Protein chains: 2
Amino acid sequence: MLSKKTQYALKALGYLAAKYGQGPVLISEISKNKKIPIKFLETILLELKQNNVLESKKGKGGGYYLIESPKKTTLAQAIRLVGGPIALVPCVSLNFYEKCADCDEATCGLNKAMLQTRDATLKILEKKTLAELIDG
Amino acid sequence: MLSKKTQYALKALGYLAAKYGQGPVLISEISKNKKIPIKFLETILLELKQNNVLESKKGKGGGYYLIESPKKTTLAQAIRLVGGPIALVPCVSLNFYEKCADCDEATCGLNKAMLQTRDATLKILEKKTLAELIDG
DNA sequence: AAATAAGTCTACTTAATCAATAGACTATTA
DNA sequence: TAATAGTCTATTGATTAAGTAGACTTATTT
């Protein structure tokens with residue numbers, strides 16, 4: 001299961017994708033429409049900005065907006081940006097890899113099974129983009 | 001990512017699968033070989049027993065063992081038994097479903113994408129059994 | 001140009017859940 | 001009855017989620 005933080009990030013990105021090219025969007029607007037605790041959302045959006053996915057404008061008329069077209073960011077990228085591993089276990093994670101304490105990966109049955117599911121998941125998440133998060 | 005508890009459960013079940021039919025296996029043996037904190041492992045095995053996957057024997061010569069052939073339990077079943085949802089978000093979970101606060105599932109883009117990944121994952125995890133967790 | 005309103009940004013605090021540990025208790029076998 | 005091994009309860013520590021307070025920045029209005 002994705003963390004709440006990652007789930008909120010995807011929802012917010014979907015909302016911003018729908019408003020792409022229409023100028024800055026208020027945090028409060030996203031929070032209200034997507035039912036995300038506003039202070040939690042602030043930190044998430046800030047992190048996405050620091051990862052060069054979003055840009056922000058301060059002061060009156062400000063807000064957050066996508067830097068690039070929603071089609072240019074895949075769901076796999078978005079999930080990883082906010083710190084969410086996609087694999088079910090660390091020993092098959094591409095971006096958050098950790099070796100198991102107990103096993104030799106060449107012979108580990110669990111490793112093999114989890115590798116397959118990771119590949120199946122990635123195949124989907126690397127094709128879909130933020131544009132697909134737009135409701136309709 | 002699966003919780004530590006779920007990961008440990010799968011490793012322990014794999015170990016017991018390899019020893020199926022050979023009588024009770026000590027908690028301490030599993031703990032040592034699979035590098036699982038023994039007290040944490042105790043609670044996990046107990047839970048698996050209460051879910052009718054394992055049986056135990058107390059006293060000297062005691063331990064835990066699989067009730068049925070490893071081939072009869074799928075990885076999907078095993079993961080769910082110890083409380084691990086397989087889906088990435090609650091609104092597409094079969095066994096731990098929760099409705100989103102903000103969206104209409106019929107039109108939600110995120111829901112659609114996550115449904116597809118869940119199906120791809122389940123397709124694999126429902127075919128593989130504990131027997132596939134045996135190293136070799 | 002000063003005041004004010006409308007925004008984001010930063011730091012800190014609290015609450016909840018997950019992971020790990022400790023120790024007493026019960027059942028079984030030799 | 002002594003030793004072994006699972007069972008149960010309680011506590012601690014770590015991480016994640018959420019909430020609070022206030023500083024800082026920009027645009028508008030007068």
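The model shown is predicted, which means the values in this text are computed figures rather than measured ones. Residue numbering restarts at 1 for every chain, and letters A, B, ... go by the order of the sequence lines.
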Does any residue of residues 14-28 of chain A have a heavy atom under 4.0 Å from DNA chain C, and if so, which ones, in number order? Leu26(A), Ile27(A)
Output all residues satisfying side-chain contact (heavy atoms from CB on, under 4.5 Å) with Cys103(A), sequence neighbours left out; order by chain, then residue number. Cys100(A), Cys108(A), Lys11(B)
Pairs meeting criterion side chain to side chain donor-acceptor pair (under 3.5 Å) with involvement of residues 40-55 of chain A, two or more places apart: Lys5(A)-Glu47(A), Lys39(A)-Glu42(A), Lys49(A)-Ser56(A)
Each nucleotide of nucleotides 13-19 of chain C classed B (base within 4.0 Å of a protein heavy atom), S (only sugar-phosphate) or -, in 5' to 3' order, makes ------S
Heavy-atom contacts under 4.0 Å between residues 85-97 of chain A and DNA chain D, which residues? none
If the condition is side-chain contact (heavy atoms from CB on, under 4.5 Å), which residues does Lys32(B) pass it with, not counting sequence neighbours? none
Residues two or more places apart in sequence or in another chain: which of them pass side-chain contact (heavy atoms from CB on, under 4.5 Å) with Lys112(A)? none
Kindly say whether Lys35(B) contributes a backbone atom to a donor-acceptor pair with the side chain of Asp102(A) at under 3.5 angstrom? no
Which pairs pass side chain to side chain donor-acceptor pair (under 3.5 Å) with one or both residues in residues 114-124 of chain A, sequence neighbours excluded? Thr121(A)-Thr121(B)
Residues that Thr129(A) engages under side chain to side chain donor-acceptor pair (under 3.5 Å), provided they are two or more places apart: Glu132(A)
Phosphate oxygens OP1/OP2 of dA5(D): is one of them under 4.0 Å from a side-chain N or O of Ser56(B)? no
Sorted by chain and residue number, the side-chain contact (heavy atoms from CB on, under 4.5 Å) partners of Leu41(B) (sequence neighbours excluded) come out as Ala12(B), Ile27(B), Ile30(B), Ser31(B), Ile36(B), Leu45(B)
Taking side chain to side chain donor-acceptor pair (under 3.5 Å) as the cut-off, I'd like each qualifying pair that reaches into residues 80-96 of chain A, sequence neighbours left out, listed once. none
Reading nucleotides 20-30 of chain D from the 5' end, what letters show protein touch, with B for base, S for backbone sugar-phosphate only, - for no heavy atom under 4.0 Å? BBB--BBSS--
Where do Tyr65(B) and Tyr20(B) land on the ring pair (Phe, Tyr, Trp, His ring centres under 6.0 Å) test, with the steps shown first? CA-CA 7 Å; Tyr65(B) 51 97; Tyr20(B) 178 65; 9.0 Å; no
